[in-house]
Amino acid sequence: MNCNVVKGTRDFLPKQMSKRNYIFNTIKEVYKLHGFLQIETPALENLSTLMGKYGEEGDKLLYKVLNSGNFLDKINFEDEQTTDYKKLTTKISEKGLRYDLTVPFARFVVNNRNDITFPFKRYQIQPVWRADRPQKGRYREFYQCDADIIGSDSLLNEVELCEIIDEVFESLNLKVIIKLNNRKILAAIAELIGQEDKIIDITVAIDKLDKIGYEKVCEELIEKGLSKENIIKIKPILKLQGDNKSKINTLKQLLSNSEIGQKGITELEEVFNNIERLNLNTEVEFDITLARGLNYYTGAIVEVKCKEVSMGSITGGGRYDNLTGIFGMPNVSGVGVSFGADRIYDCLEELNRFPKEISNTTALMFVNFGKEEEKQCMQWARQLRQKQISTEVYPDCVKLQKQMKYANDKQIQYVALVGERELQENKIMLKNMITGEQTLLTIDEMENLLMFK
RNA sequence: GUAUGCGUAGCUCAGUUUGGUUAGAGUAGUGGAUUGUGGUUCCAUUGGUCGUGGGUUCGAGUCCCAUCGCGUACCCCA
């Protein structure tokens, strides 16, 4: 009998849930503070909604759900297409698990456009699924925490998202760096050497600059069909150095002949100027090598790396000018970010940086001494719960040792002992499990004491 | 898809190099020291077809082959 969880998925114990909720709540608070409203969308979407939005690689990583009933009904086995798995897939599967929250959100906007006031600021915290090979910081089921603004071209939105990133990681006490780039600049680089159609290959190669170095990137570019002249032309771009301002100024000259390049640089400059005035705690860097694979980005792209832990990006996002256009609602631009809660969890765990006081366990437990005592305890417990004090009565009259151990393991701070003696006096022996102190109190005295905890 | 490492008690692991009697430890569980007191201590005790199948051998946890499962890195990404 195989009782394992599915590869790349996990069970979460109560202690882990407290930590996870701490992350979710922190992010939620910041989102709310900025006026974002929460929505949810279904786990399942039509495959036609999902396919082709994440590049060729993404299509492979989509979980496809087999049609219910006899899914072989519509298949003609004489047809040679039955041996082509891609074509066969479209016949036996019409639905899939969502791969991210952005594409379902675009679908949502188009679907609900009559009920939405634009610009629409929404947040969404839900799991997504990817059929990737699991490894450190990579799961097949993981939570994304998205905030998007749709229906506004303003670059103030990009600035606000950086502010949100800054506030979230400040609250979580994680040192991060925000990396910014712009797809228009990447497009201009491809345009510069007359290889517009190779923009994806070029950006993927450039993305590896800090990992494999300049020489290897050039090798890869040549492999992808670029000429030596092309390489010489983009060399100054790959070698771009200095602070953000000087990088931008250099690039301005290098791409002076490109209209789209100038537009990208202007956008980037405006975002940086605004960010500078806000005096964020987080370092923000212009990174020409930042590419991001998702096909739908058209303007700003952003990625956040933790400076203290070796881990892939823990937050990412960007602007998409025409994602809703695919679903029949053109000219609506959106921009958003997505916090990877599971990776943030792994970072905080590795750094041992979860606050100690985040587990919300029972405040008080009544020990069970027998039938007569438990009747009284049940009434007192009810009284305390009405005052919002989380209380439980141990359900069985078993050895005191076992009951105390239960309270101890559950980190319950107060234990109420009501035995024969206390029952006669109508009082409660309250034990503080941390200090070991015991005091004989009336129920009202105890209630007062616990309410100010 | 490519490369690589690991599967021994509920959990963490030793034992595998160099095959040799009945496979160990810590921890958790249970009972007790302690019939009104947990977290510390002490004692006892439950728990394993050594992932699965085959092979080599007088003999396999250990060597070989296959297979399943898990992890890590690349790719890509949160």
Side-chain angles (χ1 to χ4, degrees), chain A residues 1-10 13 23 27 54-62 98-102 125-146 165 176 200 203-205 207-208 211-212 216 220 290-295 297 301-306 310-318 336-347 365 367-370 373 394 397-423 429-438 440:
Chain A
M1 181 77 179
N2 174 7
C3 64
N4 292 333
V5 291
V6 169
K7 192 206 235 329
T9 68
R10 295 143 305 149
L13 291 162
I23 296 171
I27 294 170
Y54 311 106
E56 211 176 308
E57 199 64 23
D59 284 352
K60 282 189 208 157
L61 300 179
L62 274 168
R98 62 169 168 253
Y99 179 92
D100 72 353
L101 300 179
T102 310
I125 298 176
Q126 288 191 274
V128 302
W129 294 268
R130 295 182 188 178
D132 227 332
R133 287 271 177 89
Q135 55 187 266
K136 189 185 179 193
R138 187 206 272 171
Y139 305 99
R140 287 184 164 177
E141 177 184 62
F142 61 96
Y143 271 73
Q144 291 198 324
C145 312
D146 277 38
I165 292 168
V176 299
I200 301 221
T203 52
V204 165
D207 184 41
K208 294 176 190 161
K211 276 187 206 157
I212 60 176
K216 295 252 167 158
E220 186 167 330
L290 173 60
R292 296 189 58 74
L294 298 178
N295 275 4
Y297 291 127
I301 41 183
V302 57
E303 196 166 286
V304 179
K305 295 258 315 178
C306 179
S310 162
M311 173 84 66
S313 62
I314 54 178
T315 294
V337 288
S338 177
F339 290 85
D342 303 81
R343 283 186 176 174
I344 293 171
Y345 182 104
D346 290 345
C347 288
M365 184 192 89
V367 168
N368 192 322
F369 277 97
E373 291 87 345
Y394 196 88
C397 175
V398 293
K399 274 177 53 176
L400 192 51
Q401 195 173 356
K402 189 168 166 64
Q403 299 193 43
M404 294 301 282
K405 186 167 163 40
Y406 171 86
N408 195 60
D409 287 348
K410 209 168 166 180
Q411 294 176 359
I412 298 173
Q413 199 188 340
Y414 288 99
V415 167
L417 297 132
V418 182
E420 209 178 333
R421 295 202 296 267
E422 288 83 2
L423 205 57
M429 184 62 84
L430 183 71
K431 181 181 174 100
N432 183 331
M433 293 291 278
I434 296 168
T435 61
E437 282 175 320
Q438 296 194 173
L440 195 62

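Letters go in sequence order (proteins before strands), and every chain restarts at 1.
- G436(A) comes within 4.0 angstrom of a nucleotide base, judged by non-hydrogen atoms across all strands.
- Going from atom CG of D409(A) over to atom C1' of rG38(B) covers 9 Å, rounded to whole Å.
- The backbone N or O of Y394(A) sits less than 3.5 Å from a side-chain atom of N368(A), completing a donor-acceptor pair.
- Not one side-chain nitrogen or oxygen of Q438(A) sits closer than 4.0 Å to the OP1 or OP2 atom of rU37(B).
- We find that CG of L400(A) is positioned 16 Å from C1' of rG32(B), with the value rounded to whole Å.
- Here the separation of rA73(B) from rC64(B), taken at their P atoms, is 27 Å to the nearest Å.
- Across rG51(B) and rG69(B), the matching P atoms stand 16 Å from one another, rounded to whole Å.
- Taking a 6.0 Å sphere around CD of Q438(A), one finds it holds more than 12 heavy atoms contributed by other residues, nucleotides or ligands.
- At a threshold of 4.0 angstrom between heavy atoms, the contacts of K431(A) include nucleobase atoms, whether or not backbone atoms are also involved.
- At a threshold of 4.0 angstrom between heavy atoms, the contacts of V204(A) are confined to the sugar-phosphate backbone, with no base atom among them.
- Rounded to an integer number of Å, the gap from CD of Q126(A) to C1' of rA78(B) is 15 Å.
- Regarding contacts with the backbone of rU72(B), every side-chain N or O of K136(A) stays at 4.0 angstrom or more from both OP1 and OP2.
- At the heavy-atom level, L61(A) lies nowhere under 4.0 Å from the strands shown.
- Consecutive Watson-Crick or G-U pairs involving RNA chain B, each under 3.5 Å on both distances, make up stems of three or more pairs at B:1-7 with B:68-74, B:10-13 with B:24-27, B:29-33 with B:41-45, B:51-55 with B:63-67.
- Taking atom P on both rU22(B) and rG26(B), the two are 23 Å apart, rounded to the nearest angstrom.
- Atom pair Q135(A):CD and rC6(B):P shows a separation of 19 Å (rounding to whole Å applied).
- Going from atom CD of Q403(A) over to atom C1' of rU34(B) covers 16 Å, rounded to whole Å.
- Relative ring orientation between Y54(A) and Y99(A) is described as tilted, the plane-to-plane angle lying within the 30° to 60° band.
- If you measure from atom NZ of K305(A) to atom P of rC77(B), you get 13 Å, rounded to the nearest angstrom.
- Side chain of R130(A), nearest nucleotide from rU37(B), rC77(B), rG38(B): rC77(B).
- Annotation: rG24(B) and rU16(B) have their C1' atoms spaced 14 Å apart (nearest Å).
- When the nucleotides rU30(B), rC76(B), rA78(B) are ranked by their closest atom to the side chain of K402(A), rU30(B) comes out on top.
- rU56(B) and rU49(B) are spaced 26 Å apart, taking the P atom of each and rounding to whole Å.
- Rounded to an integer number of Å, the gap from CD of Q401(A) to P of rG39(B) is 7 Å.
- Here rU37(B) is the nucleotide among rU37(B), rC76(B), rA78(B) with the atom lying nearest to any side-chain atom of M429(A).
- Where stacking is scored as ring centres under 5.5 Å apart with planes under 30°, Y406(A) does not register as stacked on the base of rG38(B).
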Provide a list of protein-nucleic acid N or O atom pairs under 3.5 angstrom, restricted to nucleotides 1-3 of chain B.
| from | atom 1 | to | atom 2 | distance (Å) |
| --- | --- | --- | --- | --- |
| rU2(B) | O4 | R133(A) | NH1 | 2.7 |

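- Remark: side-chain polar atoms of R343(A) are not paired, donor with acceptor, to backbone N or O of K136(A) under 3.5 angstrom.
- The gap from the P atom of rU27(B) to that of rC65(B) amounts to 39 Å, rounded to the nearest Å.
- Within the 4.0 angstrom heavy-atom criterion, no nucleotide atom of any strand lies near Q411(A).
- At the phosphate of rC76(B), neither OP1 nor OP2 sits under 4.0 Å from any side-chain N or O atom of K60(A).
- Across V398(A) and Q403(A), no two heavy atoms sit closer than the pair O-NE2, 2.9 Å.
- Closest-nucleotide positions on RNA chain B for I434(A) and R343(A) were compared, and the one nearer the 5' end corresponds to I434(A).
- For rA28(B) and rC70(B), the C1' atoms lie 23 Å apart once the distance is rounded to whole Å.
- Nucleic acid contact for I314(A): sugar-phosphate only, since backbone atoms but no base atoms lie under 4.0 Å from a heavy atom of the residue.
- Heavy atoms of Y143(A) sit nowhere under 4.0 angstrom from any nucleic acid atom.
- OP1 or OP2 of rU37(B) has not a single side-chain nitrogen or oxygen of K399(A) nearer than 4.0 Å.
- The number of heavy atoms from other shown groups lying within 6.0 Å of NZ (K216(A)) does not exceed 12.
- A search for salt bridge (Lys or Arg N to Asp or Glu O under 4.0 Å) contacts involving E303(A) returns R292(A), not counting sequence neighbours.
- Taking atom P on both rC50(B) and rG31(B), the two are 30 Å apart, rounded to the nearest angstrom.
- In this structure, CE of M404(A) is placed 18 Å from P of rU34(B), rounded to the nearest angstrom.
- Within 3.5 Å, no donor on the side chain of N408(A) pairs with an acceptor on the base of rG39(B), nor the reverse.
- For the pair L417(A)/K431(A), a side-chain contact is recorded, criterion being any heavy-atom separation below 4.5 Å from C-beta on.
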